[in-house]
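A, B, ... follow the sequence lines: proteins, then strands. Residue 1 opens every chain. Fair warning: this is a prediction, and the values are worked out from it, not measured in the lab.
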Amino acid sequence: MTFQEISESLQKKFGEAVLLVKADAAVDPFIVVAPQSICDIALFLRDDKAMQIDSLSCLSGVDRKGTLEVVYHLASMTLKHKLVLKVSVPTDRPEVPSIESVWKTANWHEREAYDLFGVMFTGHPDLRRILLPYDWEGYPLRKDYEVPEFYNGMRVPY
Amino acid sequence: MGLLDKQFEKSNVLVTSLDSLLNWARLSSLYQMQFGLACCAIEMMAASASNFDMMRFGVIPRATPRQVDVMIVSGTVTLKMASRIKRLYDQMPEPRYVLSMGSCSNCGGPYWEHGYHVLKGVDRVIPVDVYIPGCPPRPEALIEGLMKLQEKVRNESMAKKHA
């Protein structure tokens, strides 16, 4: 399926939840959807006969200063098409429903996005830090992050 | 029969100081801790493999800190790893030595400014005997660092407690 066909069928099925369809993006065309319906959309994309998106290639976080973005790179191994989905949430209440129940790959990817950006994935079975130590404070890939002076008695700056 | 055997044929007595004998034994069997942290570890493995063969200096990797003389810190020391390294160092029996291998472990390396997660030099948590520059250092450099360490061991004395 082409990007246009996918976006049209998503718009037909989910209507209001599809916030923006950007076909002329610089790299990959993408679709911005409402955070609260990401789970339904993901499930539809996986199970629909025409979509069969069976793989989550990558889940990333982006800090847009004020809003946090989660980007889903999806692909269908069987039908050989790709899709980029985005959701955007305010930084002071960064809650995105987890899609771990749809693609298991999301488990660790969501933990990483939580670890480094502080995106709270609601419904995630085991949302704890994956790379940084458990007692780390703050989310280091946020734009307003400041490197701590000390960590466990060790001086951090050069 | 070798040359040495002929020399000691009549009187098989060697005179040396206890210090030199013990130091010679120690510097010829510096067992290393078998662990690596980053790309420097690849060079360390190359140094252990047949081309460079660190075992000819008596450097044998041991998988437990209890049987180890020298810890080669080969790679980026993250803050998460730093406490583990400290613990491993504390578990080594004395006399113990530390070789800091590569820029990361010397001073933070390429992570010196933006590495929020990197310890800027392993000497912030454990004392270092020899620093080996390079990113990563070639096996020759590692072996030179090792020989510097051997030099240090050679000049130690039981009577004078080393630092």
### Message
Under a 4.5 Å cutoff for heavy-atom pairs, which residue among Pro133(A), Pro157(A), Gly153(A) has the most contacts with chain B?
### Response
Pro133(A)
#### Entry: Common cluster, Val59(B)/Met92(B), ILVMFWY with side-chain heavy-atom separation under 4.5 Å
no
### Query
What's the verdict on side chain to side chain contact (heavy atoms under 4.5 Å, CB included) for Tyr116(B) and Tyr151(A), showing C-alpha distance, side-chain angles and the deciding distance?
CA-CA 10 Å; Tyr116(B) 60 87; Tyr151(A) 169 72; over 6 Å; no
### Message
So for Pro148(A), is it side chain, backbone, both, or neither that comes closer than 4.5 Å to the heavy atoms of chain B?
### Response
neither
### Query
Should Ile72(B) and Met81(B) be regarded as members of a common hydrophobic cluster, given that ILVMFWY residues are connected when their side-chain heavy atoms come within less than 4.5 Å of each other, either directly or indirectly?
no
### Message
With a 3.5 Å distance limit and no angle check, can you tell me whether Arg124(B) reaches the backbone of Met154(A) through a side-chain donor-acceptor pair?
### Response
no
### Message
Do Ile130(A) and Val119(A) land in one hydrophobic cluster if side-chain heavy atoms of ILVMFWY residues count as linked below 4.5 Å?
### Response
yes
### Message
Is Leu79(B) close to chain A through its backbone or its side chain, or both, or neither, when contacts mean heavy atoms under 4.5 Å?
### Response
both
### Task
Spell out, yes or no, whether Leu116(A) and Met120(A) are grouped together once hydrophobic residues are joined by side-chain heavy atoms under 4.5 Å, including indirect joins.
yes
### Task
Please flag which part of Leu132(A) lies under 4.5 Å from any non-hydrogen atom of chain B: side chain, backbone, both or neither.
both
### Message
Distance check, rounded to the nearest 0.5 Å: Lys86(B) atom NZ versus Asn152(A) atom CG?
### Response
13.0 Å
### Task
Inspect the surroundings of CD in Glu144(B) and state if more than 12 heavy atoms from other residues, nucleotides or ligands are less than 6.0 Å away.
no
### Task
Flag the pair Lys120(B) / Val156(A) as yes when at least one side-chain heavy-atom distance between them is below 4.5 Å, and no otherwise.
yes
### Task
Check whether Val98(B) and Leu142(B) end up in the same hydrophobic cluster, where Ile, Leu, Val, Met, Phe, Trp and Tyr are linked by side-chain heavy atoms less than 4.5 Å apart.
no
### Task
Would you give the length of the straight line joining atom CG of Leu131(A) to atom NZ of Lys80(B), rounded to the nearest 0.5 angstrom?
7.0 Å
### Task
Take atom CZ of Arg56(B) as the centre, draw a 6.0 Å sphere, and report whether it contains more than 12 heavy atoms from other residues, nucleotides or ligands.
yes
